[in-house]
Enquirer: 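Encoded as C-alpha cells, here's the structure I'll be asking about.
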Amino acid sequence: MPELPEVEVTLRGISPQLKGRLITGVVVREPRLRWRVQDAVGRVAGREIRALRRRGKYILLDCGDGHLIFHLGMSGSLRLLEQATPPQKHDHFDLQLGELTLRLRDPRRFGAVIWTDQSPDTHPLLRHLGVEPLTRAFDGRRLHALTRGLRSAIKQTLMDSSRVVGVGNIYANESLFLAGIHPATRAGRLSLARCISLAAATKKVLRDAIRAGGSSLRDFVGSDGRPGYFQQRYRVYDRAGEPCRCCGTPIRRQVQGQRATFYCPSCQR
DNA sequence: CTCGCCACCTGGGGGC
DNA sequence: TGCCCCCAGGTGGCGA
C-alpha cells in the first residue's frame, strides 16, 4: 500500500500537469469506496485546481471554494492519461481536465474521494493527524515527547497516524532496523538518544524511498502508469528466514497488532 | 486518554 | 484444474 513515499511520488507526478487546470468533468463509476463518494464530488466541474499538496497519506486539491481529497487506501493508484482510454476493472473514478484524465484505480476500494468546503486541515479525517515525518518539526526530541507514558510497542506507535503520519508497515519495519531498535520495545521506554536515532532513520528510509520512485507494493503504479517500479531492496520487510544484510542472522517474523513485523534479533535490541 | 481488536475488500499464492 | 483458505495493506471505530 501506498505509504507516504508512494503518495508523495504520486503527488509530484501529477502536480505540474494539474496545477492551474480547469476541471471539465467527473466520472464516478463505482461510488462504494471506503466511504460512498458523495454527490457533491460529481459537481466539482468548472473549478480550477489552484494548488496540490499532501497531508499524511491524503492528497489535497485546492479548488478555491473547497478541496477534493484523495486517499489511496491500500491498493489505490492515481494516473494521468494523455488521452481517453477505456476504463478497466477497478477504475472507479475519473477527473477530467480537458484532454487530460486523472484516473483512480483501487481494486480493494479502501481508498477515498471526498469533497469538503471546510479548511481541509479541520476536516474530521485530517484533524487528528500527527506530525509530518519529513519536516523539521519531527526530530528525536519530538518523538521522545510523543512517546512518553506509552506502553504500546514502538512499531505500532510509529504507525499511529495520530502521532506521526505516513509511516506504514513496510517503512516502520525498515526504520526500526536502521535505528537498531527491537520493534516490540515499549515506546515510553525509549531513551532520548534512541528517539534521535529513530527519527533520523525514519526520515532516511522515507527519503530514500521517495528518491527510488515510490515503493514496492506489487500493485502500486506511478502517476504515469509505469508499472515497473524500481523495486527497493528491503533490509528486513518480507525477508523472514533470510540472512540479515548486516550480520547474517536469519530475519525473524512476528505478529504485532495483527500485522507482520520483521526484524533482526541480533541487530535490533 | 490508551490499548487491543475488528471490519472493510479483492486478488494472488499455496496447499490439497 | 479447481477449490478453499490465508494473507497483504490503512485506518476508523468499537469496547474495555
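Here is how names work: the chains are called A, B, and so on, in the same order as the sequence lines, proteins then strands, and each is numbered from 1.
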Enquirer: May I ask you to say whether A:R105 pairs ionically with A:D91, meaning some side-chain N is under 4.0 Å from a carboxylate O?
Expert: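 Salt bridge between A:R105 and A:D91, a charged N being under 4.0 Å from a carboxylate O: yes.
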Enquirer: Is the ring centre of A:F110 under 5.5 Å from the base ring centre of C:dT11, and are the two planes under 30° apart, so that they stack?
Expert: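 According to the criterion (under 5.5 Å, under 30°), no, A:F110 does not stack.
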Enquirer: Heavy atoms only, 4.0 Å cut-off, all strands: where does A:R163 land among base, sugar-phosphate and nothing?
Expert: sugar-phosphate
Enquirer: Would you say C:dT11 has OP1 or OP2 under 4.0 Å from some side-chain N or O of A:H71?
Expert: yes
Enquirer: Indicate whether OP1 or OP2 belonging to B:dG11 is found under 4.0 Å from a side-chain N or O atom of A:K89.
Expert: yes
Enquirer: Is A:Q258 close enough to B:dC6 that one of its side-chain N or O atoms is under 4.0 Å from OP1 or OP2 there?
Expert: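 Checking A:Q258 against B:dC6: at least one side-chain N or O falls below 4.0 Å of OP1 or OP2.
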Enquirer: For the pair made of CG in A:L126 and P in C:dT11, what is the distance, rounded to whole Å?
Expert: 10 Å
Enquirer: Between C:dT11 atom P and A:I114 atom CD1, what is the distance in whole Å?
Expert: 12 Å
Enquirer: Rounded to whole angstroms, how far apart are CG on A:N173 and P on C:dG10?
Expert: 11 Å
Enquirer: Find the distance A:E3:CD to C:dT11:C1' and express it as a whole number of Å.
Expert: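 The answer, rounded to whole Å, is 13 Å.
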Enquirer: With a 4.0 Å cut-off on N to O distance, would you call A:R43 and A:D39 a salt bridge?
Expert: no
Enquirer: Which value, rounded to the nearest 0.5 Å, describes the distance between A:L78 atom CG and A:L11 atom CG?
Expert: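 Reported to 0.5 Å precision, the distance equals 10.0 Å.
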Enquirer: Of A:R186 and A:R259, whose closest DNA chain B nucleotide lies nearer the 5' terminus?
Expert: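 Nearer the 5' end of the strand: A:R186.
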Enquirer: Looking for any heavy atom pair under 4.0 Å, which part of the strands does A:R148 touch: base, sugar-phosphate only, or nothing?
Expert: nothing
Enquirer: Expressed in angstrom and rounded to an integer, what is the separation of A:W35 atom CH2 from C:dG10 atom P?
Expert: 14 Å
Enquirer: Distance check needed: C:dG10 P versus A:L129 CG, whole Å only.
Expert: 15 Å
Enquirer: For a side chain to side chain donor-acceptor pair (under 3.5 Å) with A:Y263, tell me which candidate from A:Q254, A:Q268, A:K155 qualifies.
Expert: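 Only one of A:Q254, A:Q268, A:K155 forms a side chain to side chain donor-acceptor pair (under 3.5 Å) with A:Y263, namely A:Q254.
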Enquirer: Between A:R108 and C:dT11, is there a side-chain N or O to OP1/OP2 distance below 4.0 Å?
Expert: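 For C:dT11, neither OP1 nor OP2 has a side-chain N or O of A:R108 closer than 4.0 Å.
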Enquirer: Figure out the CG/P separation between A:L125 and C:dT11, and round it to whole Å.
Expert: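 Atom-to-atom, A:L125 to C:dT11, this comes out as 10 Å.
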Enquirer: For DNA chain C, which residues of residues 150-160 of chain A approach it to below 4.0 angstrom with any heavy atom?
Expert: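 Heavy-atom contacts with DNA chain C come from no residue of residues 150-160 of chain A; none.
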Enquirer: Once you build an axis from the first five pairs and another from the last five of the helix from B:dT2-C:dA16 to B:dC16-C:dG2, how far apart in angle are they, to 10 degrees?
Expert: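 Answer for the end axes of this duplex: 50°.
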Enquirer: Can you tell whether the side chains of A:E242 and A:R253 come within less than 4.0 Å, N to carboxylate O?
Expert: no
Enquirer: Can you tell whether the side chains of A:D106 and A:R109 come within less than 4.0 Å, N to carboxylate O?
Expert: no
Enquirer: Taking the side chain as everything from C-beta on, heavy atoms only, tell me whether A:R32 gets closer than 4.5 Å to A:H92.
Expert: no
Enquirer: Round to the nearest Å and state the distance from A:R105 atom CZ to B:dC9 atom C1'.
Expert: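 Taking atom C1' of B:dC9 as the reference, CZ of A:R105 is at 17 Å.
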Enquirer: For A:D121, is there an ion pair with A:R127 - N to carboxylate O distance below 4.0 angstrom?
Expert: no
Enquirer: Salt bridge between A:R55 and A:E132, side-chain N to carboxylate O under 4.0 Å?
Expert: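 So A:R55 pairs with A:E132 through a salt bridge.
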Enquirer: If you look only at distance, which donor and acceptor atoms sit under 3.5 Å apart when one is on a side chain in residues 161-168 of chain A and the other is two or more places apart or in another chain?
Expert:
from, atom 1, to, atom 2, distance (Å)
A:S162, OG, A:D160, OD1, 2.8
A:S162, OG, A:D160, OD2, 3.4
A:R163, NE, A:D160, OD2, 3.2

Enquirer: Consider the side chain of A:H90, meaning its heavy atoms from C-beta on, and name the nucleotide among C:dG10, C:dC7, B:dT10 that approaches it most closely.
Expert: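 Nearest listed nucleotide: B:dT10.
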